[in-house]
**Q** 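Attaching a single structure in structure tokens format; questions to follow.
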Amino acid sequence: MALQNTSTRFGAVTKIFHWLTALLILTLIPLGIIAHGAPFSTGEEIAFKALLFSIHKTLGVTAFFVALTRILWALTQPKPRLLNADHKAEAFLAETIHWLLYSALLLVPLTGWIHHAATTGFAPIWWPFGQELPFVPKDTHLAHLFASLHFSFERVLAFSVLLHIAGAVKHHLIDKDATLRRMLPGQPPLPALLPDHKNRLPILGAVAVYAFALTVGAFLWYFPGLETVEVTPTTELEESSGNWKVSEGTLSLTIKQFGSDVTGEFGEWSADITFDDTPGLQNPGSVKVTVNTTSLSLGSVTDQAMGPDFFDVQNHPQAVFLAKIFPVPDGYVAEGTLTLKGIEVPITLPFSLRIEEDAVRMNANTTLQRLDFGIGSNMPDESSLGFSVGVSIELNALRND
């Protein structure tokens with residue numbers, strides 16, 4: 001069998017690309033549906049869901065490069081003429097579907113890849129080149145936009161594949177021509193072929209379909225409320241009664257999932273700070289930090305983090321750190337207890353202060369162990385979720401005398 005195409009037949013390389021692409025598509029679409037619908041209430045379910053998505057993403061990136069190589073190969077080859085070129089309606093539909101398929105083979109995996117790169121955490125691509133893409137920032141809105149486009153373009157791909165298969169079956173069983181057989185091994189006999197007519201209408205038809213798909217994707221992105229999401233009401237935070245009032249700050253945490261760092265932060269928290277900056281005091285103050293755990297944003301794993309195996313925000317919507325402040329040679333420490341998920345654990349939090357008249361800047365970093373609080377207790381090893389959780393606090397406060 002010849003490797004290259006002729007004006008009447010497909011070569012071996014084209015056939016290999018065709019059937020490899022078909023295998024990838026017929027694996028990826030059902031795998032994506034199963035992964036998306038898989039439950040994630042427990043640690044085991046999350047690990048299994050992440051496994052499915054990692055396989056899906058890895059095969060998706062593979063499909064992108066296979067499609068790209070296939071298109072580059074096709075550009076160097078003559079295109080075999082249609083067997084039904086005299087049936088203009090069928091020829092138009094066949095050509096339109098081919099344009100849709102070639103476009104979708106690039107657009108579907110590419111939008112999924114960009115969504116992955118813009119999202120923090122969950123289900124890495126299994127390859128040695130990292131999880132990022134150039135010029136793609138970690139951004140929730142960007143991730144949602146490309147997730148919506150991926151969803152919309154995937155429907156175009158699935159619809160085009162079904163029509164492509166239906167056309168091949170029709171040619172084989174009804175027309176009884178060699179359309180299907182000439183993509184199989186061997187060299188089927190071919191009748192005299194009519195010349196193809198150059199026609200731009202199939203391209204315009206494909207463009208119209210993708211314009212509609214793009215509109216649907218943009219609609220899904222602009223109206224995210226169409227999805228049903230269970231929202232846990234936040235709990236009111238106490239007003240500060242201390243002599244320092246926080247003007248701005250961040251409370252972030254970093255976990256290691258499947259070997260990659262995932263960073264998020266709590267959007268709602270308060271700090272009741274009593275502190276005397278007079279030099280030489282052995283116990284210059286105290287602090288009470290109250291955190292609405294429902295306000296956690298942790299990239300693509302936010303929903304899972306809210307579940308009963310993790311922060312269990314339905315039953316424990318707040319965490320409280322209560323401590324006294326003591327000076328140490330290189331700064332200060334806050335020694336006290338952190339109550340999280342109903343479990344109280346002793347904590348020593350070292351921090352630095354920079355005081356300028358009536359303003360202060362505080363920085364603190366520490367490491368907690370998730371199992372101390374029963375978080376992810378169904379994931380007792382670090383293969384999918386690390387034991388250590390990095391906590392970082394930065395805040396500016398003004399004197400509130």
Side-chain angles (χ1 to χ4, degrees), residues 4-11 13-15 17-22 24-26 29 63-64 66-112 146 148-184 188 190-220:
Q4 297 188 340
N5 296 354
T6 68
S7 61
T8 59
R9 304 179 189 276
F10 292 105
V13 174
T14 299
K15 292 180 181 181
F17 273 130
H18 177 274
W19 292 109
L20 177 58
T21 302
L24 287 168
I25 292 173
L26 295 178
I29 291 178
F64 174 80
V66 168
L68 185 61
T69 308
R70 177 182 179 179
I71 291 171
L72 293 175
W73 171 256
L75 292 175
T76 68
Q77 299 296 299
K79 182 182 178 182
R81 296 196 297 269
L82 294 174
L83 300 183
N84 61 343
D86 55 332
H87 299 162
K88 293 184 179 181
E90 285 189 27
F92 166 76
L93 184 59
E95 287 291 287
T96 301
I97 292 171
H98 275 97
W99 280 107
L100 290 174
L101 281 171
Y102 274 111
S103 301
L105 290 175
L106 293 178
L107 290 174
V108 173
L110 182 59
T111 51
F146 279 92
S148 301
L149 293 176
H150 182 68
F151 175 88
S152 183
F153 292 158
E154 187 271 336
R155 268 58 188 171
V156 174
L157 174 61
F159 181 68
S160 302
V161 167
L162 289 175
L163 288 179
H164 183 67
I165 293 173
V169 171
K170 185 258 185 188
H171 277 284
H172 192 69
L173 298 181
I174 298 176
D175 299 338
K176 299 186 184 302
D177 62 27
T179 296
L180 175 60
R181 285 183 288 127
R182 71 175 179 175
M183 190 52 79
L184 297 174
L190 296 174
L193 299 179
L194 297 174
D196 289 343
H197 298 285
K198 300 296 182 181
N199 191 345
R200 296 182 179 178
L201 288 179
I203 299 177
L204 296 178
V207 169
V209 172
Y210 274 105
F212 177 74
L214 187 64
T215 302
V216 171
F219 182 83
L220 293 174

**Q** Which pair of heavy atoms, one from S160 and one from I97, lies closest together, and at what distance?
**A** O-CG2, 3.6 Å
**Q** Indicate the atoms forming the closest heavy-atom contact of L105 with P109, along with that distance.
**A** O-CG, 3.0 Å
**Q** List for me each residue that meets side chain to side chain contact (heavy atoms under 4.5 Å, CB included) alongside A94, sequence neighbours excluded, and say none if there are none.
**A** none
**Q** Indicate the ring-plane relationship of H164 and H98, choosing parallel, tilted or perpendicular according to the 30° and 60° boundaries.
**A** perpendicular
**Q** If you look only at distance, which donor and acceptor atoms sit under 3.5 Å apart when one is on a side chain in residues 66-75 and the other is two or more places apart or in another chain?
**A**
{"residue": "T69", "atom": "OG1", "partner": "F65", "partner atom": "O", "Å": "2.7"}
{"residue": "W73", "atom": "NE1", "partner": "T14", "partner atom": "OG1", "Å": "3.1"}

**Q** Taking atom CZ as the centre, does F151 end up with more than 12 heavy-atom neighbours from other residues, nucleotides or ligands that are less than 6.0 angstrom away?
**A** no
**Q** Tell me whether F92 at atom CZ has more than 12 heavy atoms from other residues, nucleotides or ligands lying less than 6.0 Å away.
**A** yes
**Q** Output the distance between atom CG (L100) and atom CD1 (I203), rounded to the nearest 0.5 Å.
**A** 11.5 Å
**Q** State the CD1-CG distance between I25 and L20, to the nearest 0.5 angstrom.
**A** 10.0 Å
**Q** Distance from R200 atom CZ to E95 atom CD, nearest 0.5 Å?
**A** 14.0 Å
**Q** Could you state the interatomic distance from CG (L107) to NE2 (H150), rounded to the nearest 0.5 Å?
**A** 11.5 Å
**Q** Could you pull out the closest heavy-atom pair between V108 and T111, with the gap in Å?
**A** O-OG1, 3.0 Å
**Q** Under 3.5 Å, side chain of S152 to main-chain N/O of L214, donor-acceptor pair present?
**A** no
**Q** Tell me, please, which residues at least two apart from T179 pass side chain to side chain donor-acceptor pair (under 3.5 Å).
**A** H171, D177
**Q** Starting at CG of L93, measure out to NE2 of H87 and round the result to the nearest 0.5 Å.
**A** 14.0 Å
**Q** I'd like to check the ring pair (Phe, Tyr, Trp, His ring centres under 6.0 Å) partners of F153; sequence neighbours left out, ordered by chain and number.
**A** Y210
**Q** Going by the salt bridge (charged side-chain N to carboxylate O under 4.0 Å, His left out) test, which pairs reach into residues 160-171, not counting sequence neighbours?
**A** E90-K170, K170-D175
**Q** Using only atom types and a distance under 3.5 Å, with no angle test, would you say the side chain of W99 pairs donor to acceptor with the backbone of V207?
**A** no
**Q** Quick one, L201 with T96, criterion side-chain contact (heavy atoms from CB on, under 4.5 Å). Give me CA distance, side-chain angles, the key distance, then yes/no.
**A** CA-CA 8 Å; L201 288 179; T96 301; over 6 Å; no
**Q** Which pairs with one or both residues in residues 154-169 pass salt bridge (charged side-chain N to carboxylate O under 4.0 Å, His left out), sequence neighbours excluded?
**A** none
**Q** Does the N5 side chain pair with the main chain of P78, one donor and one acceptor, at a distance under 3.5 Å?
**A** yes
**Q** Checking side-chain contact (heavy atoms from CB on, under 4.5 Å) against F159, which of L163, L162, V156, L157 comes through?
**A** L163
**Q** Rounded to the nearest 0.5 Å, what separates atom CZ in R9 from atom NZ in K15?
**A** 8.5 Å
**Q** With a 4.5 Å cut-off on side-chain heavy atoms, are V13 and Q4 touching?
**A** no
